[in-house]
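A note on names: the letters A, B, ... follow the listed sequences, proteins ahead of strands, and every chain is numbered from 1.
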Number of protein chains: 2
Amino acid sequence: MVDVAKAAGVSLATVSAAVNGSAPVSAALKGRIHKAIRQVGYKTNAIARSLKTGTTSTIGLMVADITNPFFTTTIHAIQELAHRHGYGVMLCCSDEDADKERMHLRLLADRMVDGFIVASAGETPELRALVEGGRTPVVLIDRLVDGLETDAVVIDNVAATRDAVRHLAAAGHRRIGLITGRRTLSTGRERYEGYRQALEEAGIAFEPALVGSARFGADDGYKAAAKLLSLADRPTAIFACNNLSGIGLMRAIHDAGLRCPDDIAVACFDDFDWANVFHPRLTTVAQPTQAIGVQAMLLLLERLKDATARALPPRVVRLKAELRVRDSSVRPAR
Amino acid sequence: MVDVAKAAGVSLATVSAAVNGSAPVSAALKGRIHKAIRQVGYKTNAIARSLKTGTTSTIGLMVADITNPFFTTTIHAIQELAHRHGYGVMLCCSDEDADKERMHLRLLADRMVDGFIVASAGETPELRALVEGGRTPVVLIDRLVDGLETDAVVIDNVAATRDAVRHLAAAGHRRIGLITGRRTLSTGRERYEGYRQALEEAGIAFEPALVGSARFGADDGYKAAAKLLSLADRPTAIFACNNLSGIGLMRAIHDAGLRCPDDIAVACFDDFDWANVFHPRLTTVAQPTQAIGVQAMLLLLERLKDATARALPPRVVRLKAELRVRDSSVRPAR
DNA sequence: TGACGTCGTCGAAACGTTTCGATACGAATT
DNA sequence: AATTCGTATCGAAACGTTTCGACGACGTCA
């Protein structure tokens, strides 16, 4: 920039003003300056600017599993919107590990990101400090964390799960199994609650033996499912609380020599492209993944753009998920 | 840091030396300084450091489709390794659009990332300038770009496709269709070449009508597949050059009232978890996605770590893909 | 005992911006 | 003609580090 100033025969301050439009500059000088910029091949140094302004035009995005299609489309939406507003996205993945998450949050904070969007793997001092510090806006996605008062966008897990299990009950199933996720996560708890509600609604007694627990991951899902399937009086329908355990469930069914939906009905959380093309076509709870990303980024942008919005009380947006009934949950007519 | 210096009663330079170990500091002072750091709650400002040192400890990662499981596991591997070496990852997604890619490359360059890993959607002046500038190391993944002399890690697409098509031919198919990707991409060209080679090897005449073209995307794949299936003398087997067109292909088969593998055999590029659990279980060419990420990051780290490696001639690593034969490509015995 | 390294510490410059207050100048107002 | 005002420009300080050269103290060797 100093070279540009020299080449154009003006002061540093004027060049800065011309580049950023932060102060009036006469047309003549503007012309000279832009010519000089091209001549010198000047590119503004974002680091220096960040140091001075205290903002990096970068947001930190922290997800639990970048390999999961659910997060993937959400990330995509966030990125798209962020870039359109001139923000870069620094991506971190906790692999559902709270310690990794802490490390990455520190990394992001060190890099002075302007804001955070995080799908937390669990409450940590770092996350709490971030939120309570109030210096950097934080938007939670997918998972709420207890006692953390900040913006968030999640779905109505209770209702979504209730709908799905209700659907199974309506099809005549009385022994409905559940493969639940980690109960330390709000999603895990809420989906469990939805299951209980649906059972109660249908007048089915809750039976602890019918709920298997899988931390996230297809292999865990497999084990939990295998256990349910080996029960003497095994369930006639199973709901899996996320897509990975859904995969595990399907594998377990296959390995047990059972057929879906003939021998056992299946539904699971999280829709994906393939669910609709291979067999059995899977009944799923489709989350509005795109909308989650967009909403989260919009909330963040509001806080980022004008200082007054910084002080707004936390807003939590709850979106609705949609039950997509396909073959896996309905026994074929014979 | 100035506060720390004041609190510890030492100079700024000494604090810096103590923090970074860049110069000897007596044990006594070290103690005082660290105590002061805790007292003051000092956190090093990465931006200021970057400005001074000219490095950001951040790499730019540019992929074509973040929604695609292929890229997703590669990204994951890159991230993991990057973080372990203290690098942050700035993720951009071009959506297979060269213009978007240009924009994002500029964004990354402005942010002064220390290195790039890019799956390019096509040659652009920005990418070329980056590579030829030689200031920032670039490693290409998945796709080579013509005339760009830089590190790269790709797979042997010719061999992989040849193997897959050979497998179809060996099963007795003589009319083997191809759904090819964009020929502007090295992957598209190479896979096409593999197809030709396999045909020739099997003594099958090449028939232009049997190759459909799909830019990436499931819908394109669907259209291309539908066209092939509506041929009077339609192919008895089809190979799809990527996972998305594979999905489209399966949908098209279903909509045409055909069954796979009974009526038509299918194989496609890119393996994914689900391929092995739903029916028909898909025959795929499994890329070593994890290894691609690891290799790419290793190449980049070498260039990043020591200055002498900067001058090394470009290295391109070619990994092997693996054909996973499952149900979709073999007609069941009757 | 004097010259000479070595070790530990420090002051100050530098990285490339932004921004504040000062200044210059012509036009508008009295 | 003197005052005021707005506009355009500039000089210089500041952001928070790193790093280079200088410097004093101390031990070692001739």
**Complete:** Sorted by position of nearest nucleotide on DNA chain D, 5' first, the leading residue of B:Ala48 and B:Ser22 is B:Ala48
**Asked** Do B:Asn45 and A:Arg111 have side-chain N/O donor and acceptor atoms under 3.5 Å apart?
**Response** no
**Request:** Take atom CD of B:Glu132 as the centre, draw a 6.0 Å sphere, and report whether it contains more than 12 heavy atoms from other residues, nucleotides or ligands.
**Result:** yes
**Complete:** Whichever of B:Ala23 and B:Leu51 has the more 5' nearest nucleotide on DNA chain C, that residue is B:Ala23
**Asked** Earliest and latest nucleotide of DNA chain D, 5' to 3', sitting under 4.0 Å from a non-hydrogen atom of chain A?
**Response** D:dA8 to D:dG16
**Item:** Atom NZ of B:Lys305 with >12 non-hydrogen neighbours under 6.0 angstrom
**Value:** yes
**Prompt:** Base, sugar-phosphate alone, or nothing: which one does A:Ile47 contact when heavy atoms must sit under 4.0 Å apart?
**Reply:** nothing
**Message:** Quick check: on DNA chain C, is the nucleotide nearest B:Ala27 upstream (toward 5') of the one nearest A:Val19, or the reverse? Name the residue that is more 5'.
**Reply:** B:Ala27
**Prompt:** Within the structure, does a side-chain N or O atom of B:Ser26 lie under 4.0 Å from either OP1 or OP2 of C:dT9?
**Reply:** yes
**Request:** Please work out if A:Val10 contacts a base, only the sugar-phosphate, or nothing of the nucleic acid, heavy-atom cut-off 4.0 Å.
**Result:** sugar-phosphate
**Asked** Charged N to carboxylate O below 4.0 Å: is that the case for B:Arg315 and B:Glu149?
**Response** no
**Message:** Looking only at the side chains, is there a donor atom on one of A:Thr124 and A:Glu101 sitting less than 3.5 Å from an acceptor on the other?
**Reply:** no
**Request:** State, without any angle test, whether A:His76 and B:Asp95 hold a side-chain donor-acceptor pair at a distance under 3.5 Å.
**Result:** yes
**Prompt:** With sugar-phosphate meaning primed atoms plus P, OP1 and OP2, does A:Lys30 contact a base, only sugar-phosphate, or nothing at under 4.0 Å between heavy atoms?
**Reply:** nothing
